[in-house]
**Student:** 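Once you've had a glance at the structure underneath, I'll fire off some questions.
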Amino acid sequence: MKVEALKADLLKNAILGYVDAYVMVKETQKHHLPHIHILLTMVPRDKPRTPADVDRVVSAEIPDKRTNTELHRIVTSQMIHSPCGEWNISSPCMADRKCTKDYPKALRETTSFSDDSYPLYRRRAEAAPGDPIMKTIRGGANVLVNNAWVVPYNPYIVLRYDAHINLEVVCAVNSVKYMYKYLVKGPDQCLVRLEPHERMREALQHDEVTRYELGRYIIASEGYWRIYDFPIQNKYPPVEMLALHLQDEQVITFNDEGAVQNVAESGPPATTLTAFFEAMNLHPHMRHVLYPDVFQHFTYFRKRFQLQKRRLSFQDNCKADMVGRLPIISVNSHNAELYYLHMLLYRVPGPTCFQDLRRVGGRVMETYLAACIAYGIVGNDQEVDSVMEEAANIAFGPAVHKVFANMLIFVLRGNHVQFWERYKHVLCEDFMRAAGVNEPNGRIVSEVLLELRDKIERHGFSLSKSFGLPEPEPVNIQSRIPRVIEHETEHNRGELEPHIAQTECLLNDEQRIVVDKMMTSVEHGHGWMIAVDASGETGKTFALCHILNKVRAKGKVALATAASGIAATLLPKGVTFHRRTKCPLILTDESTCNISENDTT
C-alpha cells in the first residue's frame with residue numbers, strides 16, 4: 001500500500017516535479033524486508049541543475065529538533081547509516097577495512113557536483129540544536145553521530161511515510177544498469193553436500209536441474225510475491241526494439257515446406273526499417289526524423305508507420321508513448337557493414353532507402369564504412385568512446401570485455417593505451433564487486449587483462465606486441481594452462497565412468513573390435529590411423545562417442561572433429577573440420593590452414 005501511495009505521489013501528484021520516464025525494480029534481501037528502487041527521469045524544467053535545486057529536494061542533515069520534532073525523530077531513527085569503520089569493523093558494509101558506501105561522509109558547507117554519479121551534498125559541521133545523538137553498535141559501545149552519517153532524504157516524503165526512503169540525485173544513465181542487476185543476478189544459492197557411503201555413491205546421479213531447484217534460496221516474502229504474480233519491475237515509457245538489417249537481409253521464419261514457397265514468392269517481409277523508409281517517402285516534411293526517434297512522431301500499426309497527432313507533455317513538448325531502440329551490434333569481420341549501418345541510422349535523418357544512408361554530398365558510397373568515413377564518423381575515437389559508453393551502461397562483465405576487444409581489433413586505429421586507461425575501471429567493475437573493493441588492485445587488473453588476452457589471441461593478436469597494452473602479471477593470477485587445452489580437459493570423470501560402464505554393455509561385437517583397437521593405440525602410443533566404414537544407422541556415432549568418453553576419462557585429450565556441422569553436434573564437444581583447422585571452404589593447390597603462431601582456438 002505504501003508503495004502504491006508513493007508511486008501516486010511521485011508520478012501523479014508530482015511532489016518532486018513532473019516525471020518524463022521511470023524505472024522501478026523490486027529487490028529482495030535475506031536479512032531485511034523487500035524494498036524497491038525507483039529511478040525517475042524528470043522533464044527538463046524540473047531537473048535539478050544547480051546546487052540550490054539539489055538542496056530543495058534532498059537533505060543530508062539532521063533537522064532542528066525544536067522546530068521539526070517529528071522529522072527529527074524519523075531521521076535519527078531511520079536515516080542514519082549505522083556507524084562503521086574504526087568504530088565497528090565488523091559492520092556488513094565493510095570491505096578491506098573500509099566502508100563500501102564511503103561513510104562517514106566529508107562535512108561541507110555547500111552542495112557541489114562531482115565527477116561521480118552523485119552530487120556532494122551539503123553536510124554542515126554545525127550540529128542541529130538539541131541533545132547529542134548516540135548510536136549503539138555491536139558490543140554495546142555508543143558512538144556520537146552527526147551530519148556525516150546521514151543518508152540523503154527528502155523531508156516531505158520521509159515525514160509522510162515514516163520509513164527509510166533514500167533519495168539521491170543521479171547524473172549518469174548507468175543507474176538503470178545498476179537497478180536491473182537485481183533482476184539478472186539470479187537467486188542466492190545454498191548447497192550442502194554430504195559424502196555418502198562408498199557403496200551408495202555409484203547409485204547417485206547428477207541432475208543439474210534438480211540441484212539448482214534444491215539449492216535455490218528463497219525466503220517467504222519472495223515466494224509470496226512470485227506466487228501471486230506481483231510485478232518485480234515496471235517502467236514507462238515502454239521500449240520497442242527496432243529492426244536492423246542490410247538490404248534484402250530480413251529475418252524470415254516459417255513452419256512448413258508450403259510456407260517456404262509462399263515466402264519466396266512474396267519477397268522480403270516488411271520490417272520497422274523498411275516501414276520507416278516508406279514513411280519518409282510519404283511525409284517529406286518529416287525528413288528531419290532519425291530512425292531511433294521515429295516513435296516520437298509516428299505510430300507503428302499493421303506494419304506501417306502512421307503520423308500521429310501531437311501529444312503535449314507537461315513541459316509543452318512532444319512526448320512519445322514508446323521509445324525505439326536499435327540492437328547492439330558487435331564489431332567483427334562477419335557483420336562490419338551492419339555495424340556501420342547502425343552508426344548511420346543514428347546520424348542520417350529522413351532516409352527513404354538504403355542508398356540514402358550511403359549518399360554523401362550527392363555521391364552514393366560503395367559501402368556503409370565508406371559513408372561513415374566521408375561523414376567523419378570513424379577515423380577518431382569519438383565513436384569508439386560512444387560504443388564503449390553504451391556497452392558500459394547496459395552490459396555486464398564478459399559482454400563489456402568482448403566489446404572492448406572488438407574495438408581494439410576491428411575499429412581503433414591508435415591510442416590503444418589511452419583507450420585502456422579510459423575504460424580500465426569499467427572493465428574491472430565485476431571483479432571489484434566480487435572482491436568487495438572500490439578500486440581495482442593488481443590482481444583484478446591482471447584478471448581483466450587475462451580475459452582480454454584470451455579474446456584477442458583468437459584473432460592472432462597480442463596484447464603487448466599488437467596494441468602496446470600491459471601483459472597480466474604472473475604473480476597476480478593463478479597459473480592457467482592454454483585455453484584450448486583447458487577446454488578439452490575440463491571433464492567430470494566421476495560422471496563419465498558410469499556412462500562408459502553403461503554404454504560398454506551395449507556394444508556389439510564389431511563395435512567392440514573398433515573400440516579395443518582404438519584404445520590399444522591410445523594406451524601404447526602406437527599412433528594408428530583407424531578408419532571406420534559402415535552403412536547408416538549401424539552405430540558408428542555410438543562407438544565414436546564411447547571412444548571419446550573412454551579417452552577423456554583417462555585424462556587424455558580427444559579432439560572430436562566432423563566434416564559437417566550436423567555431424568559435429570552428435571559428438572561430445574564436437575566441432576567441424578574447417579573450424580578446428582581453419583581450413584578454407586574452397587580448396588585450391590595453394591590453400592593453407594589459417595592458423596597463426598598466437599592462435600589458441
**Student:** Heavy-atom count around Arg325 CZ within 6.0 Å, excluding the residue itself: above 12?
**Tutor:** yes
**Student:** Any chance the rings of Phe419 and Phe404 have centres within less than 6.0 Å?
**Tutor:** yes
**Student:** To the nearest 0.5 Å, tell me how far Asn281 CG sits from Cys353 SG.
**Tutor:** 7.5 Å
**Student:** As a quick check of understanding, evaluate side chain to side chain contact (heavy atoms under 4.5 Å, CB included) for Leu16 and Leu167, giving each step before the final call.
**Tutor:** CA-CA 11 Å; Leu16 298 178; Leu167 180 67; 4.2 Å; yes
**Student:** From Leu246 CG over to Leu244 CG, what is the distance, rounded to the nearest 0.5 angstrom?
**Tutor:** 7.5 Å
**Student:** How many angstroms lie between atom CG of Leu6 and atom CG of Leu11, to the nearest 0.5 angstrom?
**Tutor:** 8.5 Å
**Student:** Identify, with sequence neighbours excluded, every residue that meets ring-ring contact (aromatic ring centres under 6.0 Å, His included) alongside Tyr346.
**Tutor:** His342
**Student:** Please report the interatomic distance CZ(Arg358) to CZ(Phe354), rounded to the nearest 0.5 Å.
**Tutor:** 9.5 Å
**Student:** Under 3.5 Å, is there a donor-acceptor pair between the side chain of Thr274 and the main chain of Thr271?
**Tutor:** yes
**Student:** For Lys47, does the NZ atom sit with more than 12 other heavy atoms under 6.0 Å from it, leaving out its own atoms?
**Tutor:** yes
**Student:** Taking the side chain as every heavy atom from C-beta outward, state whether Val323 and Glu240 have any atom pair closer than 4.5 Å.
**Tutor:** no
**Student:** Determine yes or no for a side-chain-to-main-chain donor-acceptor pair under 3.5 angstrom, with Asp20 supplying the side chain and Val43 the backbone.
**Tutor:** no
**Student:** What I'd like to find out is whether the side chain of Asn234 reaches to under 4.5 Å of the side chain of Lys7, using heavy atoms alone.
**Tutor:** yes
**Student:** Can you name the residues that form a salt bridge (Lys or Arg N to Asp or Glu O under 4.0 Å) with Glu421, not counting sequence neighbours?
**Tutor:** Lys424
**Student:** For the side chain of Gln233 and the backbone of Val25, is there at least one donor-acceptor N/O pair under 3.5 Å apart?
**Tutor:** no
**Student:** If I compare all heavy atoms of Pro470 with all of Leu463, which pair ends up nearest, and what's the gap?
**Tutor:** O-CD1, 3.8 Å
**Student:** Side chains of Ser446 and Glu473: is there a donor and an acceptor less than 3.5 Å apart?
**Tutor:** no
**Student:** Go through Ser464 and Glu471 one step at a time and tell me if the side-chain hydrogen bond (donor to acceptor under 3.5 Å, both in side chains) criterion holds.
**Tutor:** CA-CA 6 Å; Ser464 56; Glu471 294 284 346; 3.0 Å; yes
**Student:** Could you list the residues that satisfy ring-ring contact (aromatic ring centres under 6.0 Å, His included) with Phe467, not counting sequence neighbours?
**Tutor:** His416, Phe461
**Student:** Compare all side-chain heavy atoms of Val289 with those of Met286 and state whether any distance is below 4.5 angstrom.
**Tutor:** yes
**Student:** Please determine whether side-chain hydrogen bond (donor to acceptor under 3.5 Å, both in side chains) holds for the pair Thr299 and Gln308, giving the CA-CA distance in whole Å, both sets of side-chain angles, and the decisive distance to 0.1 Å.
**Tutor:** CA-CA 6 Å; Thr299 301; Gln308 64 181 354; 3.3 Å; yes
**Student:** What pair of heavy atoms forms the shortest contact from Cys372 to Tyr340, and how long is it?
**Tutor:** SG-O, 3.6 Å
**Student:** What verdict does the ring pair (Phe, Tyr, Trp, His ring centres under 6.0 Å) test give for His297 and Phe305, after you've listed the backbone C-alpha separation in whole Å, the side-chain angles of each residue and the deciding distance to 0.1 Å?
**Tutor:** CA-CA 9 Å; His297 308 275; Phe305 279 113; over 10 Å; no
**Student:** Using only atom types and a distance under 3.5 Å, with no angle test, would you say the side chain of Glu451 pairs donor to acceptor with the backbone of Pro398?
**Tutor:** no
**Student:** Can you tell me how far apart OH (Tyr18) and CG (Asn13) are? Round to the nearest 0.5 Å.
**Tutor:** 10.0 Å
**Student:** Do any pairs count as a salt bridge (Lys or Arg N to Asp or Glu O under 4.0 Å) and have a residue in residues 345-355, sequence neighbours left out, and if so which ones?
**Tutor:** Arg347-Glu383
**Student:** What heavy-atom pair brings Val400 and Ala392 nearest, and what distance separates the two atoms?
**Tutor:** CG2-CA, 4.5 Å
**Student:** For Asp46 and Met42, indicate whether the former's side chain and the latter's backbone hold a donor-acceptor pair under 3.5 Å.
**Tutor:** no
**Student:** Do Glu168 and Tyr121 meet the criterion of a side-chain donor-acceptor pair at a distance under 3.5 Å?
**Tutor:** yes
**Student:** Do any N or O atoms from the side chain of Asn441 and from the backbone of Ile444 form a donor-acceptor pair under 3.5 angstrom?
**Tutor:** yes
**Student:** My understanding is that only residues two or more places apart in sequence, or in another chain, count here; which of them pass salt bridge (Lys or Arg N to Asp or Glu O under 4.0 Å) with Arg226?
**Tutor:** Glu222
**Student:** Using side chain to side chain contact (heavy atoms under 4.5 Å, CB included), reason through Thr576 and Thr561 one step at a time and then give a plain yes or no.
**Tutor:** CA-CA 5 Å; Thr576 63; Thr561 308; over 6 Å; no
**Student:** Mind checking what makes side chain to side chain donor-acceptor pair (under 3.5 Å) contact with Thr352, not counting sequence neighbours?
**Tutor:** Asp356
**Student:** Heavy-atom distance under 4.5 Å between the side chains of Phe298 and His283, does that happen here?
**Tutor:** yes
**Student:** Step by step, work out the side chain to side chain contact (heavy atoms under 4.5 Å, CB included) result for Val294 and Leu242.
**Tutor:** CA-CA 10 Å; Val294 64; Leu242 295 169; 4.3 Å; yes
**Student:** Using every non-hydrogen atom in the two residues, find where Val417 and Gly468 come nearest and quote the distance to one decimal.
**Tutor:** CG2-O, 3.4 Å
**Student:** Are any non-hydrogen side-chain atoms of Asn166 and Pro152 less than 4.5 angstrom apart?
**Tutor:** yes
**Student:** Are Pro440 and His425 close enough that some pair of their side-chain heavy atoms sits under 4.5 Å apart?
**Tutor:** yes
**Student:** Okay, side chain of His401, backbone of Leu427: is any donor-acceptor separation there less than 3.5 Å?
**Tutor:** yes
**Student:** Give, for atom NZ of Lys235 and atom OG1 of Thr41, the distance between the pair rounded to the nearest 0.5 Å.
**Tutor:** 13.5 Å
**Student:** Quick one: does Val23's side chain get under 4.5 Å of Ile38's, heavy atoms only?
**Tutor:** no
**Student:** Is the closest side-chain heavy-atom distance between Pro237 and Met322 below 4.5 Å?
**Tutor:** no
**Student:** On a heavy-atom basis, which atom in Thr272 and which in Tyr291 lie closest, and how many Å separate them?
**Tutor:** OG1-OH, 2.8 Å
**Student:** Minimum heavy-atom separation for Tyr22 and Leu40, please, with both atom names.
**Tutor:** CB-CD2, 3.8 Å
**Student:** Show your working on side chain to side chain contact (heavy atoms under 4.5 Å, CB included) between Arg443 and Phe431 and close with a plain yes or no.
**Tutor:** CA-CA 10 Å; Arg443 183 188 63 79; Phe431 290 99; 5.6 Å; no
